[in-house]
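Have a look at the structure below, then the notes.
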Amino acid sequence: MALGFFDGVHLGHQSLLMQAKKIAEKNNLKFTAMTFDPHPNEVIKLEKDWRYLTPLALKIERMAAIGVDKLFVIKFNLSFASLLPSDFIKQYVLGLQAKHLVVGFDFTFGKKAQGTADYLKKMSKNNPFDVTVISKQVHNGEKISSTIIRKIVRGGDVHLVPYYMGHHFEIKGVVYGSNRHKHEKRKNMEFQTENKYILPAPGVYRVEIKTWDKTCQGLFIRYGSSRKNDEISGQVIEMLKGGVVEEVTVKFLKQIPFESNSQCSTNFKEVIK
């Protein structure tokens, strides 16, 4: 069983999950994983507006794609956070009859994060489970982590994300027509994010837009204002009829210089000055 929060399901997480999958197949066991929801910072530090690289639904989707047979999603609350490491093992390792745990080198659990990978290895000597610890994965000498990817996305450097996640950063949301910019030759479509995705810095981004049956290139205009929805433009305008709400996936390819984009609204220029 692989253990971790797995926000982003980045290359470090993928390495850990693939190792767990390999061990499961070798020993004719089910490939299981355990994650937690919500993020500990929402509970312990009361950061209620915490944003995710992969909200739970997308995390489940990504882990299923890797081949996880069974995923345990544990509700992270104050009661769970206060569990002693030994109680965590009794309830969530022995209780689930896990035969082999796979964790990252910096995995912590239990009250005040007292449980560590070393603690698990020590406890495995007198219990019916083995432990494999995955060393840190690096890019350019820097540890691949959800924290660094959030920093990259928030900084607008979305073109760097594939080096850490193995693919471009993407979000899901709904689009609907906007006739607000009647002075323009064509209209943009307003975009409303679903769930609690982290979002890139205000700017203009080259993106790939995907509906359930079509994919196209376009632009994503990120205003970064609670008073104004972000917008997308491109062939998606032709794909969707104005006023129709439809779920789309937006994959961020790169940020482009604002001055090179003549298709943005005057209002946007006012916001980013």
Side-chain angles (χ1 to χ4, degrees), residues 2 4-18 33 35 37-39 41 47 49-66 68 104-106 134-175 191-211 215-224 230-234 236 247-258 260-261 264 272:
F5 191 79
F6 302 119
D7 187 29
V9 195
H10 56 60
L11 290 175
H13 297 147
Q14 291 169 39
S15 174
L16 188 157
L17 290 164
M18 291 307 296
T35 190
D37 186 72
H39 193 279
N41 283 7
E47 296 183 23
D49 196 35
W50 185 264
R51 298 286 164 163
Y52 297 83
L53 294 166
T54 48
L56 182 59
L58 182 56
K59 185 197 297 187
I60 292 172
E61 184 182 311
R62 292 273 167 82
M63 294 179 78
I66 290 173
V68 173
F105 73 100
D106 56 354
I134 305 300
S135 59
K136 70 177 178 180
Q137 308 293 305
V138 300
H139 174 69
N140 283 344
E142 188 170 38
K143 172 191 165 186
I144 295 175
S145 69
S146 302
T147 300
I148 189 64
I149 298 170
R150 290 190 197 102
K151 183 178 178 181
I152 289 169
V153 172
R154 284 197 170 113
D157 298 319
V158 293
H159 62 288
L160 298 177
V161 170
Y163 295 110
Y164 297 85
M165 292 184 76
H167 53 78
H168 290 285
F169 174 66
E170 62 183 48
I171 62 176
K172 292 184 179 181
V174 293
V175 294
F191 178 91
Q192 191 165 16
T193 311
E194 293 181 339
N195 299 311
K196 296 175 68 174
Y197 282 99
I198 188 173
L199 292 170
V204 184
Y205 297 85
R206 183 74 60 189
V207 297
E208 181 182 282
I209 305 162
K210 185 176 181 180
T211 66
T215 301
C216 73
Q217 299 289 309
L219 296 178
F220 187 97
I221 306 170
R222 170 84 177 118
Y223 291 102
D230 298 327
E231 297 178 357
I232 56 177
S233 63
V236 70
E247 182 180 82
V248 299
T249 297
V250 178
K251 182 183 296 183
F252 289 84
L253 306 180
K254 66 176 181 178
Q255 186 173 19
I256 60 176
F258 177 75
S260 69
N261 176 31
C264 298
I272 66 170

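These numbers come from the heavy atoms of this one structure, side chains and all, not from hydrogens, waters or symmetry mates.
- A side-chain donor-acceptor contact under 3.5 Å links Thr35 to the backbone of Phe5.
- A salt bridge does not link Lys151 to Asp157: none of the charged side-chain nitrogens sits closer than 4.0 Å to a carboxylate oxygen.
- For the pair Leu199 and Val153, the tightest heavy-atom approach, listed with the atom from each and the gap, is C-CG1, 4.0 Å.
- Under the 3.5 Å distance criterion, the side-chain polar atoms of Gln137 are matched with a main-chain donor or acceptor of Ser135.
- Taking all atoms of both residues into account, the shortest heavy-atom contact from Gly224 to Pro202 is CA-CG, 4.0 Å.
- Judged by the 6.0 Å distance and 45° axis criteria, Lys59 is not positioned over the aromatic ring of Tyr52.
- Of all heavy-atom pairs between Asp230 and Tyr223, the closest is OD1-N, 2.9 Å.
- For Val9 against Gln14, the heavy-atom pair with the smallest separation is O-NE2, 2.9 Å.
- Ring geometry, Tyr163 versus His139: the interplanar angle falls under 30°, so the pair is classed parallel (tilted spans 30 to 60°).
- The local environment of CZ in Arg150 is crowded, with over 12 non-hydrogen atoms from other residues, nucleotides or ligands closer than 6.0 Å.
- Shown here for Arg222 and Pro200, the closest heavy-atom pair between the two residues is NE-O, 2.8 Å.
- In terms of heavy-atom proximity, Ile144 sits nearest to Gly12 at CG2-N, 4.0 Å.
- Residues Tyr164 and Glu142 have side chains in contact (heavy-atom distance under 4.5 Å, counting atoms from C-beta outward).
- With respect to Glu47 and Lys196, no salt bridge is recorded, no charged nitrogen being found less than 4.0 Å from a carboxylate O.
- In this structure, the ring of His168 has its center no less than 6.0 angstrom from the ring center of Phe252.
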